[in-house]
Engineer: 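Below you will find the structure I want to go over with you.
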Amino acid sequence: MELNKHSKNVTQDPTQPAAQAMLYAIGLTEEDLKKPLIGIGSTGYEGNPCNMHLNDLALEVKKGVNESGNVGLVFNTIGVSDGISMGTYGMRYSLPSRDIIADSMETVVQAMNYDGLVTVVGCDKNMPGALMAMIRLNRPSVLVYGGTIASGCFKDKKLDVVSAFEAWGEKVAGTMNESDYKGVIQNACPGAGACGGMYTANTMASAIEALGMAMPYNSSNPAIGKQKQQDAIDSGRALRHLLENDIKPSDIINRKSLENAIRLLTLLGGSTNAVLHFLAIAKAAEVEFTLDDFQKISDTTPFLADLKPSGQFLMEDVHRVGGVPAVMKFMFENGMLHGDCMTVTGKTIEENLAELPGLMSGQKVIKPLDDPIKKTGHLRILYGNLAQDGAVAKITGKEGLHFSGPAKVYDDEFLANAGIGRGEVKKGDVVVIRYEGPKGGPGMPEMLKPTAAIMGAGLGKDVALITDGRFSGGTHGFVVGHVCPEAQEGGTIGLLKDGDIITIDADKNSISVALTDAELSERRSAWKQPDLKVRKGSLYKYARTVSSASQGCVTDEF
């Protein structure tokens, strides 16, 4: 079997002397030109702890690729730090970066005729972007996650990046002094690695491992240490077996493997962003998967992980008690996973797990089935006159299952942040942040800053928040995002006024405003679509091409 069936177009074709000359120029030999060429796509850059070490990991991947008889060639693409851009205009570029990453990785591998792809990724948009590229290319591929950050500590309190966001709310509320505020900020993030709780990065990494597109333990091995270095080398080596057996993403990603991924992230209490990303991943893989499928899985999967943001533990604790494979083994033994799905090891889920240990005896991170945090999943897909095309809620049960109250309406996140800072939001309010959807934002920014301020101010159980934007995986509280249709497209959320009574019911999976059809029709007739907030550049292209949140915010359907 030809292992270099793509690269031979440039390495073995006698009519391509210039291509071969260039490959000799980078140090390849005549023998190398007979080997498969493997692209190693790194999202490493210095400006973010999630990504700062990825270029070094890419070199470890290259070792594994080369040791197994291939030629690894590292290339780079972009990344955006959600934690740094959060609460600024820059956050509007975060979700669009997913599609730029997918497009750029696809471009390099296709243009350079690489036979396979290993992606080295950190922050959360890197992962779905890289995976979407792998699916489009459908060449042997492995995803390598850079790993979770270690916990910070200040005054004997365990910290992570969300601690810094919530400290601002405590400072605004007058419950934290300036010295402690700075102490939290300076100690929350001790070095390299992605945000430590079950936020979007760890959610996506865990789910992609369950999907079968990453090696066992890849998602739970910490960012720093020999385990992650060996993980990277082993991932590079895995390409040889995939090439020899022609195992491609289309052999791994299907309806059953997607169900495995969503069931794992539900049990772990993962981020609502995973809904957006897996809708886009399923679409790239041409697998029928809708919002309602998330609800069906959530209805039959317990929420068991006592992880931040709503719990007490971090991803480093999941690693300590056995890692994601141990969680998957627990799930498989209790009938919650399809064991016959293929993975990048060349073995099935069941075969992988048979060789691996289960959860540590006496551990407290994953609750037993007879004592769940919530008997059903935390992800709720809500419909009603406020979200005819659906909305996504993250409701753990700790904040209650029902909320009804008067709307406090803000036309963008910055107005909301200012209003919260001025004390405008009171107990019982439903904060509405609109014109922040994929087109209206544009870019569907995350609302961690206002939700963290609400939590920090001690209003987390007394205030709800709804938006056509999205939420960070670090958000917790009674929150509903992805409201569709969005305000920019004439959705009901754009018609709301201060004082309108909004009701959210996580038992009935409904979200509604107490207005009659006639009242809504009258308001709709008076509504005028605002101009897009941008008229040029990448955000303008994004706003013009992006689909709705209920369809995964994809940009390749036009």
Side-chain angles (χ1 to χ4, degrees), residues 203 258-259 261-279 282 288-304 310 336 372-405 407 430-434 437 444 447 451 460-461 463-471 473 475-487 491-493 495-496 500-515 517 520 548-553:
T203 296
L258 283 167
E259 289 176 357
I262 305 309
R263 203 171 293 280
L264 175 75
L265 74 85
T266 303
L267 183 140
L268 293 177
S271 166
T272 54
N273 279 320
V275 177
L276 275 181
H277 297 325
F278 272 98
L279 287 172
E288 184 67 28
F289 209 85
T290 69
L291 277 177
D292 295 335
D293 290 309
F294 286 89
Q295 187 61 62
K296 290 173 186 175
I297 291 171
S298 193
D299 285 341
T300 57
T301 306
F303 171 33
L304 300 181
S310 61
M336 287 188 272
I373 296 170
K374 189 169 179 283
K375 291 181 180 180
T376 57
H378 63 301
L379 292 178
R380 314 308 293 176
I381 308 301
L382 311 181
Y383 292 95
N385 69 352
L386 238 176
Q388 294 92 332
D389 295 339
V392 181
K394 182 180 182 179
I395 297 175
T396 66
K398 295 180 180 180
E399 57 282 286
L401 298 174
H402 308 84
F403 199 103
S404 187
V430 178
V431 178
V432 177
I433 306 179
R434 63 190 182 190
M444 206 179 179
M447 302 291 132
T451 58
K461 294 184 178 179
V463 169
L465 191 151
I466 72 170
T467 181
D468 52 5
R470 43 189 192 99
F471 293 110
T475 290
H476 56 125
F478 213 110
V479 298
V480 180
H482 308 201
V483 172
C484 291
E486 62 172 293
T492 304
I493 191 171
L495 309 179
L496 298 177
D500 288 343
I501 301 301
I502 294 170
T503 299
I504 305 162
D505 189 327
D507 282 327
K508 296 179 180 178
N509 294 333
S510 65
I511 180 168
S512 60
V513 57
L515 295 171
D517 289 345
L520 285 171
S548 74
S550 63
Q551 296 175 316
C553 293

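FYI, the numbering just counts along the sequence from 1.
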Engineer: Using modelled atom types only, decide if a donor and an acceptor are shared between the side chain of Gln295 and the backbone of Ile381 within a distance under 3.5 Å.
Structural biologist: yes
Engineer: Considering residues at least two apart in sequence or located in another chain, which fulfil the ring pair (Phe, Tyr, Trp, His ring centres under 6.0 Å) criterion with His378?
Structural biologist: Phe303
Engineer: For residues Leu379 and Leu265, determine if any side-chain heavy atom of one lies less than 4.5 Å from a side-chain heavy atom of the other.
Structural biologist: yes
Engineer: For Thr203 and Ser271, test the side chains for any donor-to-acceptor distance below 3.5 angstrom and give the result as yes or no.
Structural biologist: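 Not at all, the side chains of Thr203 and Ser271 share no donor-acceptor pair under 3.5 Å.
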Engineer: Which atom names give the shortest non-hydrogen contact between Phe478 and Ile504, and what distance separates them?
Structural biologist: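 Taking every non-hydrogen atom into account, CE2-CG2, 3.4 Å.
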Engineer: Check the side chains of Lys374 and Thr376 for a donor-acceptor pair under 3.5 angstrom, ignoring hydrogens and angles.
Structural biologist: yes
Engineer: Judged by atom type as modelled, is there a donor-acceptor pair below 3.5 Å linking the side chain of Asp500 to the main-chain atoms of Ala514?
Structural biologist: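 Such a contact is absent between Asp500 side chain and Ala514 backbone.
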Engineer: To the closest 0.5 Å, what do you measure between CD1 (Ile433) and CG (Leu465)?
Structural biologist: 4.5 Å
Engineer: Evaluate the side-chain proximity of Val479 to Ile466: yes if any heavy-atom separation is below 4.5 Å, no if none is.
Structural biologist: no
Engineer: Within the 4.5 Å heavy-atom criterion, are Leu291 and Tyr383 side-chain neighbours or not?
Structural biologist: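 They are in side-chain contact.
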Engineer: Listed by chain and number, what are the side chain to side chain donor-acceptor pair (under 3.5 Å) partners of Thr301, not counting sequence neighbours?
Structural biologist: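 Thr301 satisfies side chain to side chain donor-acceptor pair (under 3.5 Å) with Arg263 only.
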Engineer: Checking Ile493 against Leu386 for the side chain to side chain contact (heavy atoms under 4.5 Å, CB included) test, could you report, in this order, the C-alpha distance in whole Å, the side-chain angles of both residues, the deciding distance, and whether it holds?
Structural biologist: CA-CA 6 Å; Ile493 191 171; Leu386 238 176; 4.1 Å; yes
Engineer: Minimum heavy-atom separation for Pro485 and Asp389, please, with both atom names.
Structural biologist: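 Result for this residue pair: CG-OD2, 3.6 Å.
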Engineer: Kindly write out the residues that satisfy side chain to side chain contact (heavy atoms under 4.5 Å, CB included) with Ala261, not counting sequence neighbours, or none if the list is empty.
Structural biologist: Ala207, Leu211, Phe278
Engineer: Step by step, would you call Thr266 with Phe294 a side chain to side chain contact (heavy atoms under 4.5 Å, CB included)?
Structural biologist: CA-CA 9 Å; Thr266 303; Phe294 286 89; over 6 Å; no
Engineer: Measuring only between side-chain heavy atoms, which start at C-beta, is Leu496 closer than 4.5 Å to Ile502?
Structural biologist: yes
Engineer: Indicate yes or no: at least one non-hydrogen side-chain atom of His482 is less than 4.5 angstrom from one of Met444.
Structural biologist: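 Yes, their side chains come closer than 4.5 Å.
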Engineer: Nearest 0.5 angstrom please: Leu520 CG to Leu515 CG, how far?
Structural biologist: 5.0 Å
Engineer: Under the side chain to side chain contact (heavy atoms under 4.5 Å, CB included) criterion, do Gln551 and Leu279 qualify, and how do the steps go?
Structural biologist: CA-CA 6 Å; Gln551 296 175 316; Leu279 287 172; over 6 Å; no
Engineer: Does some side-chain heavy atom of Ser510 sit less than 4.5 Å from a side-chain heavy atom of Asp505?
Structural biologist: yes
Engineer: Assess the residue pair Lys394 and Val392 against the criterion (side chain to side chain contact (heavy atoms under 4.5 Å, CB included)); give the C-alpha distance rounded to whole Å, side-chain angles, the decisive distance to 0.1 Å, and a yes or no.
Structural biologist: CA-CA 7 Å; Lys394 182 180 182 179; Val392 181; over 6 Å; no
Engineer: Quick check for you: to the nearest 0.5 Å, what is the distance between Asp293 atom CG and Thr290 atom OG1?
Structural biologist: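 It comes to 4.0 Å.
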Engineer: Give, for atom OG1 of Thr503 and atom NZ of Lys508, the distance between the pair rounded to the nearest 0.5 Å.
Structural biologist: 10.0 Å
Engineer: Would you mind reporting whether Thr467 and Val480 have side-chain heavy atoms less than 4.5 Å apart?
Structural biologist: no
Engineer: Evaluate the side-chain proximity of Arg470 to Thr272: yes if any heavy-atom separation is below 4.5 Å, no if none is.
Structural biologist: no
Engineer: Specify the closest pair of heavy atoms between Ser404 and Ile501, including all atoms of both residues, with the distance to one decimal.
Structural biologist: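 Closest approach of Ser404 to Ile501: OG-CG2, 3.7 Å.
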Engineer: Determine yes or no for a side-chain-to-main-chain donor-acceptor pair under 3.5 angstrom, with Asn273 supplying the side chain and Phe471 the backbone.
Structural biologist: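 Present.
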Engineer: Check Ala549 against Leu276 and note the closest heavy-atom contact, atom names and distance.
Structural biologist: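 Answer, listing the atom of Ala549 first, then Leu276: O-CD2, 3.4 Å.
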Engineer: Using side chain to side chain donor-acceptor pair (under 3.5 Å) as the criterion, list what pairs up with Asp507, not counting sequence neighbours.
Structural biologist: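 By the side chain to side chain donor-acceptor pair (under 3.5 Å) rule, Asp507 matches His402.
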Engineer: Does anything in residues 270-279 form a salt bridge (Lys or Arg N to Asp or Glu O under 4.0 Å)? List the pairs, not counting sequence neighbours.
Structural biologist: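 Not a single pair qualifies under salt bridge (Lys or Arg N to Asp or Glu O under 4.0 Å).
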Engineer: Could you pull out the closest heavy-atom pair between Leu258 and Ala282, with the gap in Å?
Structural biologist: CD1-CB, 3.9 Å
Engineer: For Ala391 and Ala387, which heavy atoms make the closest approach, and how far apart are they?
Structural biologist: CB-CB, 3.9 Å
Engineer: Got a second to check how far Leu382's CG is from Asn509's CG, nearest 0.5 Å?
Structural biologist: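 The distance works out to 6.0 Å.
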Engineer: Ignoring hydrogens and geometry, is there a side-chain-to-backbone donor-acceptor pair from Thr300 to Lys296 under 3.5 Å?
Structural biologist: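 Yes: the side chain of Thr300 pairs with the backbone of Lys296.
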Engineer: Does Arg380 use its side chain to pair, donor to acceptor, with the backbone of Gly377 at less than 3.5 Å?
Structural biologist: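 Here the side-chain-to-backbone pair exists.
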Engineer: Check whether Thr451 reaches the backbone of Met447 with its side chain - one donor and one acceptor, N or O, closer than 3.5 Å.
Structural biologist: yes
Engineer: Who passes side chain to side chain donor-acceptor pair (under 3.5 Å) against Ser550, sequence neighbours left out?
Structural biologist: Ser548
